[in-house]
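Have a look at the structure below, then the notes.
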Amino acid sequence: IAINHDPRLTEKVLGIVFAPAETEEAYRSLADLLLARGMDADAPLVVVSDGARVIPAAFARSFTNVCFQRCQWHLAKEVRDLAPAREKEAVSSAAWWVLRAPSQDEADQRFDAVSERLHKRAPESLAALERGFLDATLCLRQPVIQRTNGRAERYVRELRRHYRPREAFRDTRSAVRRISM
């Protein structure tokens, strides 16, 4: 799903592609749909995503001036999930402290301070934060409106919620049986 975050534009959902899996071809279809709807392939575009590698590969084939902002929520969740059980809260707080910095210089300083603390306590979490750090702080170096892809996630959740009851009825016989029960 492609969501517009620019408050100057009224249209919020720019395009949706239903696909059985998150593949490069599915995201390429979404990029092509955006081009077909009138987006300029050479205009600056910022894509905020959960960090799936197929997204940059697909969009870079269709758009020439595209940047990728790693969703800070997804990065913080990954960092927290990799932490030892007793360190999860402290690691999560540290990751958010770094990611919510007001400037890139401040984020760099916070990352250095966190690195010293997490080096022995949660090395896997630190490695994940280090891998995603530059992509997740793009919003501090360029005019990016969103730091997370939360709005797109909410739209997808609503789509799933809307279609879930219909999935219970695979065919007309099963629908009649369930209703009669």
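None of the values given here were measured: they were computed from a predicted structure. What you see below is based on every heavy atom in this structure, not just the backbone, and it leaves out hydrogens, waters and symmetry mates.
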Hey, any chance [X] and [Y] share a hydrophobic cluster, counting ILVMFWY side chains that come within less than 4.5 Å of each other, even indirectly?
X: Met39; Y: Val46; answer: no
X: Leu35; Y: Leu33; answer: yes
X: Val54; Y: Ile1; answer: no
X: Phe63; Y: Leu14; answer: yes
X: Leu138; Y: Leu140; answer: no

inquiry  = Side chains of Gln142 and Pro44, heavy atoms from C-beta outward: is any pair under 4.5 Å?
reply    =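 The answer is no; the side chains never approach within 4.5 Å.
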query = So which pairs with a foot in residues 89-103 pass side-chain hydrogen bond (donor to acceptor under 3.5 Å, both in side chains), sequence neighbours left out?
reply =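 For residues 89-103, and leaving out neighbouring residues, the side-chain hydrogen bond (donor to acceptor under 3.5 Å, both in side chains) pairs sorted by first residue read Arg80-Glu89.
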ask   = Tell me the side-chain hydrogen bond (donor to acceptor under 3.5 Å, both in side chains) pairs involving residues 115-128, sequence neighbours left out?
value =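 Every side-chain hydrogen bond (donor to acceptor under 3.5 Å, both in side chains) pair that includes a residue of residues 115-128, provided the two are not neighbours, is Glu87-Arg121.
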ask   = Do the side chain of Thr64 and the main chain of Ala41 share a donor and acceptor less than 3.5 angstrom apart?
value =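 Judged by distance alone, yes, a pair lies under 3.5 Å.
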task = Look only at the side chain of Gln69 and the backbone of Ala136, and say whether a donor-acceptor pair between them is shorter than 3.5 Å.
result =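 Looks like yes, one N/O pair under 3.5 Å.
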Which atoms form the tightest heavy-atom contact between [X] and [Y], and what is the distance?
X: Cys139; Y: Gln72; value: SG-NE2, 3.6 Å
X: Arg110; Y: Pro102; value: NH2-CD, 4.0 Å
X: Ala94; Y: Leu118; value: CB-CD1, 4.4 Å
X: Ile16; Y: Leu30; value: N-CD1, 4.2 Å
X: Ala107; Y: Thr137; value: CB-CG2, 4.4 Å
X: Pro56; Y: Arg53; value: CD-O, 3.3 Å

request  = Could you walk me through whether Leu99 and Phe111 pass the side-chain contact (heavy atoms from CB on, under 4.5 Å) test, one step at a time?
outcome  = CA-CA 9 Å; Leu99 295 173; Phe111 180 79; over 6 Å; no
inquiry  = To the nearest 0.5 Å, what is the distance between CD on Gln104 and CZ on Phe133?
reply    =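 It comes to 5.0 Å.
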task = Mind checking the CG-CG spacing from Leu75 to Leu129? Nearest 0.5 Å is all I need.
result =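 With rounding to 0.5 Å, CG (Leu75) is 5.5 Å from CG (Leu129).
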task = Quick one: which residue pairs count as a salt bridge (charged side-chain N to carboxylate O under 4.0 Å, His left out) with a foot in residues 125-142, not counting sequence neighbours?
result =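 Counting only pairs at least two positions apart or across chains, the salt bridge (charged side-chain N to carboxylate O under 4.0 Å, His left out) contacts touching residues 125-142 are Glu78-Arg131.
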request  = Report the C-alpha separation of Asp50 and Ile55 in whole Å, then their side-chain angles, then the decisive distance to 0.1 Å, and conclude whether the side-chain contact (heavy atoms from CB on, under 4.5 Å) test is met.
outcome  = CA-CA 9 Å; Asp50 61 2; Ile55 298 171; 4.0 Å; yes
task = Could you tell me how the ring of Phe59 sits relative to the ring of Phe68: parallel (under 30°), tilted (30 to 60°) or perpendicular (over 60°)?
result =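 Perpendicular.
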ask   = Among side-chain atoms of Asp105 and Gln109, is any donor-acceptor pair under 3.5 angstrom?
value =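 No.
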